[in-house]
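These notes concern the structure reproduced below.
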Amino acid sequence: MQCNPKSNRIQHPFSDLQVGVDSLFDHLFNGQGARSSTGWTPRVSIAESDVEYQLVMELPGLNPEDVSVEVKDGLLEISGSKKQEELADGFRILRDERTGGEFERKFEFSTQVDFEKVEATFNHGLLTLSLPKSEKVLPRKIEISVGE
C-alpha cells in the first residue's frame, strides 16, 4: 500500500486492477457504468420477473437528496455524490477503505421499460427501482377462433 501525499489516504496497489475488472463486468452485463476519478462505483443487483425489472443499489451513508435518477435517450442514469468525512483535529488517516466522491451509473435494458411508471424508494442506504416492462413486450395469450 502507498499513501497519496495530497490526501493522506492509503491506496491499495490493486485498486486500478479492481477498477478495470469492475468496468469490464459492467459492460458485459449491459451496464454502461462509468467511474469518477475517485474510483467509487456503487454495487447493484438487478432481477427480472415477467412484468418488471428490479434494481437495488447500495448507497451507504447517502440520503435520497444526494442521489439523482433520470432517463436520457432510453438509458437509466443514476448519479450522486458521497462526501468524505473530515478528520477531527489531531488525527491522520492510517487506513481508509471507505470510498466517496461522485458516481454515475448507466443501464440499458434488453427489453423495453415503461419509464413513465418507474418507482424509486430509498431505505437504509438502499435505492430500489421498480422498472415495469412496456405493455408492448409483455407476454400475452392469443385466442384462436374457429373458422367456418
Side-chain angles (χ1 to χ4, degrees), residues 1-2 4 6-7 9-87 93-148:
M1 287 187 222
Q2 66 189 74
N4 180 341
K6 290 183 181 177
S7 68
R9 298 204 182 267
I10 297 173
Q11 297 174 322
H12 195 278
F14 294 114
S15 61
D16 289 340
L17 176 62
Q18 183 67 45
V19 168
V21 170
D22 287 347
S23 180
L24 173 65
F25 276 101
D26 280 344
H27 291 288
L28 287 175
F29 294 107
N30 286 334
Q32 303 299 315
R35 291 183 177 274
S36 68
S37 60
T38 63
W40 184 55
T41 300
R43 301 292 183 208
V44 298
S45 295
I46 301 175
E48 177 183 20
S49 73
D50 289 339
V51 296
E52 73 177 341
Y53 294 100
Q54 184 182 62
L55 182 148
V56 179
M57 180 177 281
E58 294 179 347
L59 297 169
L62 273 71
N63 295 309
E65 57 271 10
D66 300 325
V67 181
S68 173
V69 179
E70 297 181 28
V71 177
K72 293 181 184 176
D73 300 323
L75 287 176
L76 174 68
E77 290 187 13
I78 305 171
S79 60
S81 182
K82 180 179 180 183
K83 295 177 179 68
Q84 293 284 6
E85 294 178 21
E86 296 292 323
L87 289 175
I93 296 286
L94 297 178
R95 181 181 181 120
D96 191 356
E97 298 179 350
R98 298 166 52 211
T99 57
E102 293 184 9
F103 69 89
E104 180 181 69
R105 300 287 309 262
K106 296 179 184 181
F107 300 92
E108 180 178 9
F109 292 88
S110 59
T111 302
Q112 290 179 333
V113 171
D114 188 346
F115 287 110
E116 297 294 320
K117 296 181 181 176
V118 172
E119 294 180 5
T121 58
F122 196 94
N123 193 25
H124 298 293
L126 294 176
L127 173 67
T128 301
L129 298 176
S130 171
L131 302 135
K133 292 180 181 178
S134 172
E135 296 281 334
K136 298 176 204 172
V137 298
L138 291 177
R140 65 183 183 107
K141 185 170 174 127
I142 308 295
E143 296 297 325
I144 302 171
S145 61
V146 177
E148 293 180 48

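Within the structure, salt bridge (charged side-chain N to carboxylate O under 4.0 Å, His left out) contacts touching residues 61-70 (residues at least two apart or in different chains) are E70-K72. Applying the salt bridge (charged side-chain N to carboxylate O under 4.0 Å, His left out) definition to pairs two or more places apart or across chains, those involving residues 116-132 are D114-K117. Evaluation of the ring-ring contact (aromatic ring centres under 6.0 Å, His included) test over residues 47-68, restricted to residues two or more places apart or in two chains, returns Y53-F109.
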**Asked** Do V118 and V71 pass the side-chain contact (heavy atoms from CB on, under 4.5 Å) test, and can you show the C-alpha distance, the side-chain angles, and the key distance before you say yes or no?
**Response** CA-CA 10 Å; V118 172; V71 177; 5.6 Å; no

**Request:** Start with the C-alpha gap between V56 and V44, add the side-chain angles, then the distance that decides, and say whether side-chain contact (heavy atoms from CB on, under 4.5 Å) holds.
**Result:** CA-CA 5 Å; V56 179; V44 298; over 6 Å; no

**From CA spacing to verdict: side-chain contact (heavy atoms from CB on, under 4.5 Å), L129, V69** = CA-CA 9 Å; L129 298 176; V69 179; 4.2 Å; yes

**Test log, rule side-chain contact (heavy atoms from CB on, under 4.5 Å), inputs T41 and R105** = CA-CA 8 Å; T41 300; R105 300 287 309 262; 3.1 Å; yes

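The shortest heavy-atom contact between W40 and G101 is CE3-O, 3.7 Å. Taking all atoms of both residues into account, the shortest heavy-atom contact from L75 to K106 is CD1-CD, 4.4 Å.
Proximity of F107 to I78: side-chain heavy atoms (C-beta onward) are separated by under 4.5 Å at one or more points.
Under the side-chain contact (heavy atoms from CB on, under 4.5 Å) criterion, S49 pairs with V51, E52, sequence neighbours left out. Not counting sequence neighbours, S45 has no partner by the side-chain contact (heavy atoms from CB on, under 4.5 Å) test. Residues passing the salt bridge (charged side-chain N to carboxylate O under 4.0 Å, His left out) test with K83, sequence neighbours excluded: none.
Among the candidates L127, T128, L131, the single residue satisfying the side chain to side chain contact (heavy atoms under 4.5 Å, CB included) test with L55 is L131.
Separating the CD atom in E102 from the CD atom in E104 is a distance of 9.5 Å, to the nearest 0.5 Å. Considering OG of S79 and CZ of F103, their distance stands at 6.5 Å, rounded to 0.5 Å.
Counting only distance, with no hydrogens or angles, the side chain of R43 and the backbone of M57 share no donor-acceptor pair below 3.5 Å.
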